[in-house]
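First the structure, in the form of structure tokens, and then the observations on it.
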Amino acid sequence: MKYSKFKKNLLPALEKIGSIRKYDPSQMIYFQNEDQNRLFFVKKGRVRAFFTSDSGHEMTLEVIGEGRIFGENTLLSKNGRLNSVEAITPTELISCSIEQLLPLLQKYPDLLSSVFELMAATIANLSRQVLRLSFMSAPARVADFLLQVSEDPDPSLEIKNGVLPYTHLDVACSVNLNRTTVSRILKDFERKKLIAEGYKTIQILDSKGLALEAEAEE
């Protein structure tokens with residue numbers, strides 16, 4: 001999915017009211033069900049948003065790169081966080097409380113428009129996830145996920161020339177399948193010359209072929 005980025009000319013206004021926070025790889029930014037009152041802007045690096053079941057099983061919601069926001073549901077609800085977020089790479093965020101942000105949204109209509117545009121993209125991503133998990137076979141899930149990720153060749157996500165920085169476990173967590181199943185599917189895709197696997201990477205070789213796999217019935 002191709003995401004819109006936060007408009008750079010609005011960044012100084014956000015930096016003025018917010019605070020800079022830095023995180024190391026694998027460091028948690030917040031946990032699922034925590035009280036929420038802050039929204040985050042990714043200035044540098046990338047983070048992973050994920051759900052955790054009562055049994056401890058994790059499912060990746062999305063990987064969020066530079067120029068994106070997360071924690072935006074704080075604008076709509078006072079309930080706990082819907083998911084957890086952790087840093088994947090060295091990450092620099094701008095953190096704003098809802099009390100700080102609301103006056104700024106009123107003052108700068110372009111800022112409000114940009115926030116809602118990014119929220120709409122997040123909702124569209126969630127909708128695609130629900131469709132994938134509800135109606136697709138295991139191979140179709142994996143193919144659709146790889147296609148979706150490759151649609152956004154964003155340097156901050158380390159996606160370039162169809163090469164995705166994903167391991168088998170990363171894919172498994174994103175499509176709610178076990179790693180063994182995903183490994184078998186990826187090996188089959190490689191045999192069909194749809195992808196090529198490297199060290200912690202997957203390269204898309206035939207997007208049209210993957211699209212056919214994504215459309216295949218159970």
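Since this is a predicted model, take the numbers as computed values, not measurements.
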Distance-minimising heavy-atom pair for [X] and [Y]:
| X | Y | result |
| --- | --- | --- |
| Arg81 | Phe40 | NH2-CE1, 3.8 Å |
| Met28 | Val85 | CE-O, 3.5 Å |
| Val115 | Leu105 | CG2-CD2, 4.1 Å |
| Val63 | Leu157 | CG1-CD2, 3.8 Å |
| Ile185 | Pro139 | CD1-N, 3.7 Å |
| Ser137 | Ala216 | OG-O, 4.3 Å |

Check whether any side-chain N or O of [X] sits under 3.5 Å from a backbone N or O of [Y] as a donor-acceptor pair, and report yes or no.
| X | Y | value |
| --- | --- | --- |
| Ser150 | Leu147 | yes |
| Ser84 | Gln32 | yes |
| Thr181 | Leu177 | no |

Exercise for the section: Would you check, one step at a time, whether the test side chain to side chain contact (heavy atoms under 4.5 Å, CB included) holds for Ile202 with Val163? Expected result: CA-CA 6 Å; Ile202 299 170; Val163 179; over 6 Å; no
As an exercise, state the distance from [atom1] of [X] to [atom2] of [Y], rounded to the nearest 0.5 Å.
| X | Y | atom1 | atom2 | value |
| --- | --- | --- | --- | --- |
| Leu39 | Leu14 | CG | CG | 7.5 Å |
| Leu210 | Phe189 | CG | CZ | 6.0 Å |
| Leu194 | Ile204 | CG | CD1 | 9.0 Å |
| Ile69 | Cys96 | CD1 | SG | 10.0 Å |
| Leu104 | Gln106 | CG | CD | 9.5 Å |
| Ser174 | Met59 | OG | CE | 8.5 Å |

Handout entry: CA sep, side-chain torsions, deciding dist, call: Ile88, Val47, side chain to side chain contact (heavy atoms under 4.5 Å, CB included)
Key = CA-CA 5 Å; Ile88 297 176; Val47 304; 5.5 Å; no
Handout entry: Selection residues 41-59 - residue pairs positive for side-chain hydrogen bond (donor to acceptor under 3.5 Å, both in side chains), sequence neighbours left out
Key =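 For residues 41-59: Glu15-Lys43, Arg46-Glu158, Arg48-Glu58, Arg48-Thr60, Arg48-Glu86, Ser53-Ser55, His57-Asn176.
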Handout entry: Residue pairs involving residues 19-31 (criterion side-chain hydrogen bond (donor to acceptor under 3.5 Å, both in side chains); sequence neighbours excluded)
Key =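 Pairs touching residues 19-31 that pass the test: none.
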Practice task
Would you please test Arg128 and Glu151 for salt bridge (charged side-chain N to carboxylate O under 4.0 Å, His left out) and show each step?
Solution key: CA-CA 13 Å; Arg128 184 163 177 176; Glu151 288 170 3; 3.4 Å; yes
Practice task
State which residue, out of Asp170, Val171, Leu164, fulfils the side-chain contact (heavy atoms from CB on, under 4.5 Å) condition with Thr167.
Solution key: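 Of the listed residues Asp170, Val171, Leu164, the side-chain contact (heavy atoms from CB on, under 4.5 Å) partner of Thr167 is Asp170.
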Handout entry: Close aromatic pair by centroid cut-off 6.0 Å: Phe70 and Phe41
Key =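 Between Phe41 and Phe70, which both carry aromatic rings, the centre distance is not below 6.0 Å.
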Do you see a donor-acceptor pair shorter than 3.5 Å between the side chains of [X] and [Y]?
| X | Y | answer |
| --- | --- | --- |
| Gln100 | Ser97 | yes |
| Thr122 | Asn125 | no |
| Ser113 | Asp110 | no |

Practice task
Can you establish whether the number of heavy atoms outside Tyr108 located under 6.0 Å from its atom OH is more than 12?
Solution key: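 No - once you tally the heavy atoms of other residues, nucleotides and ligands closer than 6.0 Å, there are 12 at most.
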Problem - Qualifying residue, where the test is side chain to side chain donor-acceptor pair (under 3.5 Å) with His168 and the options are Glu197, Arg179, Lys187 - result: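 Looking at Glu197, Arg179, Lys187, the match for His168 under the side chain to side chain donor-acceptor pair (under 3.5 Å) is Glu197.
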Exercise for the section: Show the numbers, then the answer: is there a side chain to side chain contact (heavy atoms under 4.5 Å, CB included) between Ile20 and Ile94? Expected result: CA-CA 5 Å; Ile20 299 294; Ile94 301 174; 3.7 Å; yes
Problem - Residues Lys192, Asp206: salt bridge by 4.0 Å N-O rule - result: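 Asp206 and Lys192: not salt-bridged.
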Exercise for the section: Run the salt-bridge test on Glu213 and Arg141 with the 4.0 Å N-O cut-off and return the result as yes or no. Expected result: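 Salt bridge flag = no for Arg141 with Glu213.
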Exercise for the section: Evaluate the salt bridge (charged side-chain N to carboxylate O under 4.0 Å, His left out) criterion for residues Asp188 and Arg184: first the C-alpha distance (whole Å), next the side-chain angles of each, then the deciding distance (0.1 Å), finally the verdict. Expected result: CA-CA 6 Å; Asp188 185 53; Arg184 175 178 53 77; over 6 Å; no
Exercise for the section: May I have the step-by-step check of side chain to side chain contact (heavy atoms under 4.5 Å, CB included) for Asn33 and Leu82, ending in yes or no? Expected result: CA-CA 6 Å; Asn33 297 322; Leu82 299 177; over 6 Å; no
Exercise for the section: Indicate, with yes or no, if Leu11 and Leu112 share a hydrophobic cluster defined by side-chain heavy-atom contacts under 4.5 Å among Ile, Leu, Val, Met, Phe, Trp and Tyr. Expected result: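 Same cluster: Leu112 reaches Leu11 through Ile, Leu, Val, Met, Phe, Trp or Tyr contacts under 4.5 Å.
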